[in-house]
Every structure is written in C-alpha cells, then in structure tokens.
Amino acid sequence: MRIRTILFIFVLLISLLYVTFKGSSANNQLANAYARYTEGERATTISVRKEAFNESLELYKALDNSYSLKYGNGKLYFNIANCYFQLEQYPWAIYYYNRSQALRPRDSKVTQNLHIAQMKLGVSGETKESKSIFGLSLPERLQLFFVFSLIVLAFASLQIWFNSPFWKTITLFFGLIVTILFLNLIYAHYFGPVQGILVNSASLYRDAGEQYAKVSEKPLLSGIEVNVLGTQDHGAWLKVQTSEGDIGFIQKDALRIIDTQ
Amino acid sequence: MVTRIRNQFLIFFFFIPFFLFSEEVTITAQIEGESVADKPQQGSITITHQKESKVELKSFTLEGKPLSVTFQKDIVISPDSSLIISIYSFEIPGEKKGLHVLPEISAKVGGKIYASTPSTYEVEKKVEALSSAESTGKIVLGLEPFVEGNKILYPGQRVKVGYKYTFNYNFDLTKEVIPLLDAKGFRKIGDKVLKESNRDGLNIVEVSLIIEAVTPGTYTFGPSLIQGKAYKEDPYGSKQYFKNEYTSNAPPVTIKVDPFPEMGKPASFKGAVGDFTMELELLSPSEVIVGDKIQVQITISGTGEIESVPMPDICCQPGFSGFFRLSDLPPVEKVQGSIKTFIVELRPLSDSIREIPSLEFSFFNPNTMAYSLVKTKPIPLKVVPLKEEPPKAEPQSSAEPVITPVPTRAIEIEGNYPLMAEDLSNSLFGTWWVLLVIPMGALALYLQFNFRKQLDQQKTLIKEKISRDIFEEALLASPGSSEQYNGLRHGMMLRLFERGDINNASISTDQLPNEGLPGEVKTFLMRVEELRFAGKEGESVDGIIKDAKALFIKLENDL
C-alpha cells in the first residue's frame, strides 16, 4: 500500500515537472518570437526587418508544429500571418488569417488584417466576415454543446427523481437546444464546404492532369479562396470550385485547406 | 347452352398455345439494302423449320406467280434443337420512287404451304451519275493537294493546306503518301479537319490542316499518292472487291518562307505579321505608393496572324527600364476575334515617375512588304513616396563601395498578440471529445432511472412487510391482551388497505364493507369486540387467534 502511494506521488511529480518545464520552454520561445517581431517592426532598413520577421516566423512555426492548435484560440495563427504579411508573402498571410478567423470569428483585428492582405493581392474582398455559424467558432460551439448537455443531464435527473411536469418541460426545452447544436455540429463537419486558399497561382484544368485543357487561360491567382469538392490521383489533384462557379482541378501543392469544421 | 359455349371458349383458348407451339415453320421476307427507282430490288427470305421438313426450292411463289430464289445458307439454332433457319435471296423488278408493299411469299415446307406476311419498303430516287458510272464501269479515285492562301509566307504566318479525295465507290486504301499533312518544318496549329461533300455523284472528302511558318526556307511536299481497291457491299454486309487496284498521283507542292527583310527592321520588332493598331490602358488606380503593383492592359487589334502576335518588350523600352519592375509571372493573354489583349503587372520603383511612358509596337505588313510602327499615348501616373526617410549614409573610405540601405515602409497592419503558454493549448471542452457526454449522460440517466425503480420496488416490499410484521407482533403479544387484539385489528386493516379493499387503514370496523374478504374481516373484528367488551361465552382466545391466522393468510393469498 505504501509502495503504491509512493509510486503514485512519484508519477505525479514527474508529470508536474514535465508540464512546468514544457510550459517554461514554450514561454521562452513565445517571448523570443514576440521580441523579434517587434524588433522587425522598429527596424529602419529592409534587410534588418526581413531578418527579424524571418526569425520570428521560424519560432512561431516551430511552436505550431509542436502544438496542434486546431481547437485553440487562433492567436498563434494570427501572429504567423502577420509575419508572412511583413515578409510580403501575402498568400500565406491570407491562409493563416483565415485559420485565425475560423477560431476568432469576432476579432476585428483578424478581419482587418485579412482584408489588407487581400487588397495587396488584388483579391476581391468577398471573404465573409466570419466563416463560423451563429458567429461562433467550432471550439465555442463544442463548449456550448457541452454546457447545455450538462444542463439537460441535470434537469433530466431531477425529472427522474421528482417526476414533475415543470422539470419535464425544462428538460425538453434544453434538450431541443442541445439537439440543434448537435445537428449543427454534425452537419457542419460532414456536409459543410471544405475551403482552401491558393498559396501559389495555378492553372485550373478540366481534369486531373496537365495534359488536359484549361478551364480558363487566366490562371487562378494566389490568395483566392476556393471550395474543395474532392480529390483525384491519390490526392495529387484537387477538384475545386471558384467563387465565380468555375469547377476544375489544380495540383494539391498550390492549395492549403482551412480547417474550420 | 351457356355451359356449352363456355366450354368451347375454354377449349379454344386452352389449346391455341399448343397449336402455336406445334406450328414451328415461319417465313419472313424483306427487301435488303437501299431500293433505287427502276432498279431491280434484292430481297431475302428467312424460313425457320424443322431439319426434317425440307424446303422445296421450286415451290416459292409471289402473288401466285413462281418466284426464283437462290439458297444462301442454313443456320442451326442450337445443337439440342432440330430447328434450323434457311436463308434464300431473290430479285424482283424495279419500282417507281415511293412506298410499296412486298406481297406475301409462299413456299412448301415439309409438304405444307406456308406464307410470309406482307411488308412495306421505300424506293428512293434514282442516282443517275452512279448508275451511269456503273453502267460504263468507270471507277473514279482522285487525289488533289491544295494550299489556301499565299505560297510565299513569312515566319509566323499561317496557311491552310490539305488534300481532296474524290471517289465514286468505297475504297480500301493500301498505300497513302500525303506529306503535306506532315508539314515538316512548319508548326501545326490545331487538328486535321475533315469535310465531306457530294457533287455530280462523286464523293469528295477534304482533309485540311493549318500550319504556321517558322524558319525561312523552301519547302517541297510530295509527290503524293494514294492506292487502293474499290468494293461494293452485298446485302449481308460482305465486301465484294473489284479486280483492279486503282492509283492516284498528285504533283509536289512548294511553299516558300521568306525571311523578314533586314532593311528598316525596327528594334522593337518581335515577329508580328499583319496590320495592327495598339492601345494601352491602366487597370489600377492612377495614384500608387512606390513599390505597389499596377496593372496595364495592352490591346492589339487588326488583320493578320493575331494569335501569334507576341507581347511588346516593355522591359527594354525607353522610360521603363530602371523605373518599373515587371512581374515574374508571364502576362495573361486573351484572343477574341481579331483582338488580342495582354494584362501586365508592373511596380514603380521611384516616386519621380510621372507617367507610364509611351509603348512602341512594330509589325511587318506582308501586303506592303514594309515594317510599321505604332506607339501608345503616355498615361499619367502619380507615385507617392514612402513615409520614412532613407538613413544618411556614413562617410566611408574611397576603397570601400557605398551601400545605401533600402528604407522600410510604414507598418500597415495591427501588431502581434503577446502570447503565453496558455495560448498553446486547445480550448477546454472545445474538442470533439465532448461528444462523449452523450453516451455517458445517457448511461448516467439510465442508471438513475434503474436505481429509482429499485427504490420504488423496495418501498412496496417494505409496505407489505409492515402489515405482516404488525400481525406477527400481535401474535407474539400476551394472548387475550388488548395489545394483541389491537395488533390483530391493525394488521388486518392495514392488509386490507394494501390490497386496495379500503382507502384508509384507520377507518372503524362499522365502515368496512359487508361483502367479500372485508366482510369476513368485519365479522371477525366484531366477534373480537363482543368477546372483549360483551364477554360472549363460547369464544376462546385460542379460537380467536386461530381464526385470525386463517383469515390473515386468506388476506395475503387471495389477491
């Protein structure tokens, strides 16, 4: 019994140390990245500025690779987008601004910067204010679903123990809200459009291959948003639809998908 | 009477299928191929019959008159079946143009006469030329090369070339030498185009191709040759070849590509051939910051080889080099009819720029055999400098090169968020794992529901135990004591309540019903009261207790 207790405490301590260490290491990296970014902003020459932004971008990207923040608060993506913007890599900036906006739909900073980046590329600002449903990001809707589910669970339990029309009515009411939220999540996940941003200009072909005719002689410009309809050739080619309704195929390297749902 | 008619009806419909199945000889006749007016019509007769039933060749008749037929072949339907199909051909005199009826044709098969059903056929108009070619026996096969347009070209110019095939019979070609369609030394534009027509009974097939001159020189194609055998198709689709092989030769074709004259060739000439005009248009705002992207559209229109017109060289023209930077991407080209447009992206490199300079475009006009030059008008452009001033260069020794750092632009976007370690984690309950609340919640509710049900059942059991316990306790009490009598009464009343015979266990004995078990309990309790208060003789305590037990058991068992 004593040995088990000691072992348990030991494992707990190790976990605590690991979390603390990891957190402290991440804090250092974040601080460095932020410092380099602000250094770039204050730089008076292009070469110094580029160097600072590049270093900041490297640090932020390393953190992005280490932490899967698909359900995070989107601030890291915003900072990465800013770095790309400062390095005049506007398609990548637009891509990361979109990823940030999916997680921060009500943040005007993100919307504003995205708009400026799109203006830089001459991309039409047809981007919606928010890609979210009910103005909420996916993590927020999941949290809402969880909270309402707990409420329904509580009231349903009261109904079991006290069997009253009042509890039944409240349970049904909140149950309806939970059902709507659940159906909304499932619909958005399985039937919602998959969107992507072109990070490189690409020609739109009629079928998956460069030997096919092009849908239009004018290539798709980088920075525009398209709907991804499917893949072909083991994912090497993507079937997309532009905002003008043109459907065709592009190579997968030209596109990055925005994980919104 | 009615019964007899009904029976005859049944026999008729019952046995008809048997008659039909036993009738295994069928004859069909039809006219084969296309029927031409005043020309004998070829036809075929198909007879399905048993192998043993022979078809009499001389028994065929058409409208009562003997019909001469030629046996073609027998076809066995199946190895397990004795049915075969015999095919015969025949010929009837020609008819006028229009719709006609082929009357029934009868024949004797296995000693019995069978007939086909009449059918219709249409006779087309006579094709005199073909019939005249056939009557004279003349078979025509011709090959003719052609070049539409000039045979003297300049590089970039296009011309249509091809061959005309002329024939009046079907041919299987055994040899085909047509070097004009290979057009070595030229660039092929598009695919070969096939055009078919008919003139004076002759079929003409034209195969053409558009080619573009590339390199100056004299190109000779040919001589050309086609060789093959003519054939006719019989009504069964088989080819009947004529004996001889036919050949058609065509002389060589020469196309000359002259080089552009050197005299008078402008520096801006890049190979455009025709007669054109050019316009330049600014597609983006006319006020920009240094380094910002601007778009211009160059529109070239006119007669000539518009598709191969190259874009004018902007980079090297006066006023552009050093002042504008071109995009690395090639410009977007679009051809619509006789107009070609180019959309070009530029970036002004200096705020001293006041306009987009005039752009020069030159082309060679093959009609006048001279070069022409067109220029666009300059387009005013305001270039605003960057806000920050460039840093002052420090004095350096004469041996070291002077490097002027490029100044930065103003920050156009809002700055970064200062992040903490907490920003590197996913939202609490913001992942798809929260959906586990559904099965876990359902499980929790299910467990609660079951637990509640168990508790309810236990309460019911407790209730039952109470009446029994009270009765047992009463039996254990001192015999004949008021405690015992009260306990017995209470236990029985409570039992009646549990059974649902009474609404309240506290009612008085008088209020009990007189019928059934409640009546028996009422009678018993009144006996007890009489014994207790009236001192009734003949009643003993033991007897009372014994009766009480029996009655209580009855109350428990009789549900």
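Keep in mind that the numbers below use all heavy atoms, side chains included, and drop hydrogens, waters and symmetry copies. So you know, we letter chains A, B, ... as the sequences are listed, proteins then strands, and number each from 1.
When all heavy atoms of A/Y60 and B/Y417 are compared, the closest pair comes out as OH-O, 4.3 Å. Heavy atoms only, all atoms of each residue included: B/G441 and A/L153 are closest at O-CD1, 3.5 Å. Minimum heavy-atom separation, B/S427 to A/P139: OG-CB, 3.7 Å. Nearest heavy atom pair, residue B/N416 against residue A/C83, reads ND2-SG, 4.5 Å. Taking every heavy atom of both residues into account, A/K109 and B/G415 meet most closely at NZ-O, 3.2 Å.
For a residue to count as touching a neighbouring chain, one of its non-hydrogen atoms must lie under 4.5 Å from one of that chain's; by this rule A/D107 touches chain B with the side chain only. Proximity to chain B (any heavy atom under 4.5 Å) is shown, for A/L144, by neither the backbone nor the side chain. Only the side chain of B/V332 has a heavy atom closer than 4.5 Å to any heavy atom of chain A. Contact of B/K293 with chain A is made through the side chain alone, with heavy-atom distances under 4.5 Å. Contact annotation for B/S425: only backbone heavy atoms (N, CA, C, O) come within less than 4.5 Å of a heavy atom of chain A. Contact of B/L455 with chain A is made through the side chain alone, with heavy-atom distances under 4.5 Å. Heavy atoms closer than 4.5 Å to chain B are found in the side chain of A/I116, but not in its backbone. Only the backbone of A/S68 comes within less than 4.5 Å of a heavy atom of chain B; no side-chain atom from C-beta onward does.
Between chain B and the residues A/D64, A/L30, A/N73, the largest count of heavy-atom pairs under 4.5 Å involves A/L30.
Of the inter-residue distances, the one linking A/L76 atom CG with B/L424 atom CG reads 6.5 Å to the nearest 0.5 angstrom. With rounding to the nearest 0.5 Å, the separation of NZ in A/K75 from CE in B/M420 is 10.5 Å. How far CD of B/E412 is from CD of A/Q112: 11.5 Å, rounded to the nearest 0.5 Å. The distance from the OH atom of A/Y71 to the CG atom of B/L428 is 14.5 Å, given to the nearest 0.5 Å.
Taking 4.5 Å as the limit, some side-chain heavy atom of B/W432 sits within range of a side-chain heavy atom of A/L142. Between B/I438 and A/F145 there is a side-chain heavy-atom pair separated by less than 4.5 Å. For the pair A/S157/B/L445, a side-chain contact is recorded, criterion being any heavy-atom separation below 4.5 Å from C-beta on. Taking 4.5 Å as the limit, some side-chain heavy atom of A/N113 sits within range of a side-chain heavy atom of B/E414. Residues B/I411 and A/Q86 meet the side-chain proximity criterion, which asks for heavy atoms closer than 4.5 Å.
Counting non-hydrogen atoms of neighbouring residues, nucleotides and ligands closer than 6.0 angstrom, the CZ atom of B/F323 reaches no more than 12 such neighbours. The 12-atom threshold is exceeded at CD of A/Q211, counting heavy atoms of other residues, nucleotides or ligands nearer than 6.0 Å. The 12-atom threshold is not exceeded at NZ of A/K168, counting heavy atoms of other residues, nucleotides or ligands nearer than 6.0 Å. Around NZ of A/K120, the count of heavy atoms belonging to other residues, nucleotides or ligands within 6.0 Å exceeds 12. Other residues, nucleotides and ligands contribute only 12 or fewer heavy atoms inside 6.0 Å of the CD atom of A/E51. In B/R187, the CZ atom is not crowded: 12 or fewer heavy atoms of neighbouring residues, nucleotides or ligands sit closer than 6.0 Å.
Taking the six-membered ring for Trp and thresholds of 30 and 60 degrees, B/F451 and A/W161 have ring planes more than 60 degrees apart, a perpendicular arrangement.
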Criterion side-chain hydrogen bond (donor to acceptor under 3.5 Å, both in side chains) on A/Y67 and B/D423, from CA distance to verdict: CA-CA 10 Å; A/Y67 298 85; B/D423 295 312; over 6 Å; no
From CA spacing to verdict: side-chain contact (heavy atoms from CB on, under 4.5 Å), B/F429, A/L150: CA-CA 12 Å; B/F429 303 122; A/L150 287 181; over 6 Å; no
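Taking a cutoff of 4.0 Å between a charged side-chain nitrogen and a carboxylate oxygen, B/E333 and A/K218 do not qualify as a salt bridge.
Side-chain atoms of B/N426 come within 3.5 Å of backbone N or O of A/G72 as a donor-acceptor pair.
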